[in-house]
Amino acid sequence: QVQLVESGGGLVQAGGSLRLSCAPSGSIFRTNDMGWYRQAPGKQRELVASITRGGSANYADSVKGRFTISRDNAKNTVNLQMNSLKPEDTAVYYCNAEISAYINKSFTSRDYWGQGTQVTVSP
């Protein structure tokens, strides 16, 4: 029932900007910690940025100063503003969120993953 839907990926030139968005679908109570991960070909999935429900953000060293993560608790959404993109940022970006919801009459919190959105940065 509950899914994370990502949008905003695409093809941009180096130095350009892109904004990713992630929103849950289905009936949920709230989102807790949220984050963005990415996986480049031949590499392990890595954390790009995370943000707590209170708005405290953390970033991978490789994106500090260029990416900004934000969230809207009223809409249960999380965004990733990516500026000054580099070819090495090319990867599939995945949204991750801990979601609290009523499932089978029980209140449960667990991690969910989006399907991934491709970001390609040309030189």
Side-chain angles (χ1 to χ4, degrees):
Q1 292 182 345
V2 178
Q3 294 182 331
L4 288 176
V5 182
E6 300 140 320
S7 62
L11 173 64
V12 298
Q13 291 186 335
S17 298
L18 208 58
R19 184 177 178 86
L20 305 183
S21 182
C22 173
S25 64
S27 180
I28 70 169
F29 181 73
R30 75 175 191 182
T31 53
N32 303 311
D33 289 355
M34 307 183 79
W36 288 94
Y37 292 72
R38 68 186 181 187
Q39 187 167 23
K43 296 185 178 181
Q44 299 295 315
R45 185 174 299 186
E46 64 176 351
L47 175 67
V48 178
S50 64
I51 186 167
T52 67
R53 183 169 176 80
S56 180
N58 289 285
Y59 300 90
D61 289 340
S62 60
V63 306
K64 287 181 179 178
R66 299 187 298 118
F67 291 9
T68 302
I69 188 171
S70 62
R71 65 185 295 161
D72 185 335
N73 290 338
K75 299 179 179 179
N76 292 309
T77 59
V78 62
N79 303 296
L80 185 67
Q81 179 66 47
M82 303 183 293
N83 298 326
S84 302
L85 284 164
K86 304 175 181 179
E88 49 262 45
D89 294 319
T90 296
V92 177
Y93 284 69
Y94 297 89
C95 176
N96 172 264
E98 180 186 308
I99 297 176
S100 298
Y102 290 97
I103 302 177
N104 295 327
K105 304 179 182 179
S106 298
F107 185 77
T108 306
S109 296
R110 57 154 287 186
D111 276 0
Y112 287 84
W113 290 91
Q115 79 286 352
T117 183
Q118 178 69 48
V119 172
T120 302
V121 185
S122 62

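Panel note: side chain R71, backbone T31; a donor-acceptor pair is recorded below 3.5 Å. In this structure, T108 contributes its side chain and A101 its backbone to no donor-acceptor pair below 3.5 Å. Q118 places no side-chain N or O within donor-acceptor distance of the main-chain N or O of G9, the cut-off being under 3.5 Å.
In this structure, the side chain to side chain donor-acceptor pair (under 3.5 Å) partners of S21, at least two apart in sequence or on a different chain, are N79. Applying the side chain to side chain donor-acceptor pair (under 3.5 Å) criterion to N104, with sequence neighbours excluded, gives no partner residue. Shown here are the ring-ring contact (aromatic ring centres under 6.0 Å, His included) partners of Y37, two or more places apart in sequence or in another chain: W113. Applying the side chain to side chain donor-acceptor pair (under 3.5 Å) test to R45 and every residue at least two apart in sequence or in another chain returns nothing.
Hydrophobic cluster membership differs between Y94 and L4, with clusters built from Ile, Leu, Val, Met, Phe, Trp and Tyr side chains linked at under 4.5 angstrom. Y102 and V2 fall into different hydrophobic clusters, where Ile, Leu, Val, Met, Phe, Trp and Tyr residues are linked whenever their side-chain heavy atoms come under 4.5 Å apart, directly or through other members. Hydrophobic clustering (side-chain heavy atoms under 4.5 Å, transitive across Ile, Leu, Val, Met, Phe, Trp, Tyr) keeps V92 apart from V121.
Within the structure, every pair that satisfies the disulfide bond (SG atoms under 2.5 Å apart) test and touches residues 11-117, not counting sequence neighbours, is listed here: C22-C95. Sorted by first and then second residue, the pairs that involve residues 16-35 and meet ring-ring contact (aromatic ring centres under 6.0 Å, His included), not counting sequence neighbours, are F29-F107.
The heavy-atom pair separating R66 from L85 by the smallest distance is NH1-CA, 3.9 Å. Summarising the geometry of L80 relative to A49, their closest heavy-atom pair is CD1-CB, 4.2 Å, with the distance given to 0.1 Å. Contact detail for V78 and I51: the closest heavy-atom pair is CG2-CG2, 4.1 Å. Scanning all heavy atoms of the two residues, the minimum distance from D72 to A74 falls at OD1-N, 3.0 Å. Between Y59 and T68 the shortest heavy-atom distance is OH-CA, 3.4 Å. Residues S62 and R38 share a closest heavy-atom pair of OG-NH2, 3.3 Å.
Counting heavy atoms of neighbouring residues, nucleotides and ligands inside a 6.0 Å radius, atom CD of Q44 does not exceed 12 of them.
Within the 4.5 Å cutoff, the side chain of N58 has no heavy atoms near those of the L47 side chain.
D89 has no carboxylate O lying under 4.0 Å from a charged side-chain N of K86, or vice versa, which leaves the two without a salt bridge.
If you check the side chains of N32 and S100, you find a donor sitting under 3.5 Å from an acceptor.
The line from OG of S56 to CD1 of I69 is 10.5 Å long, rounded to the nearest 0.5 Å. The distance from the CD1 atom of I99 to the CE atom of M34 is 6.5 Å, given to the nearest 0.5 Å.
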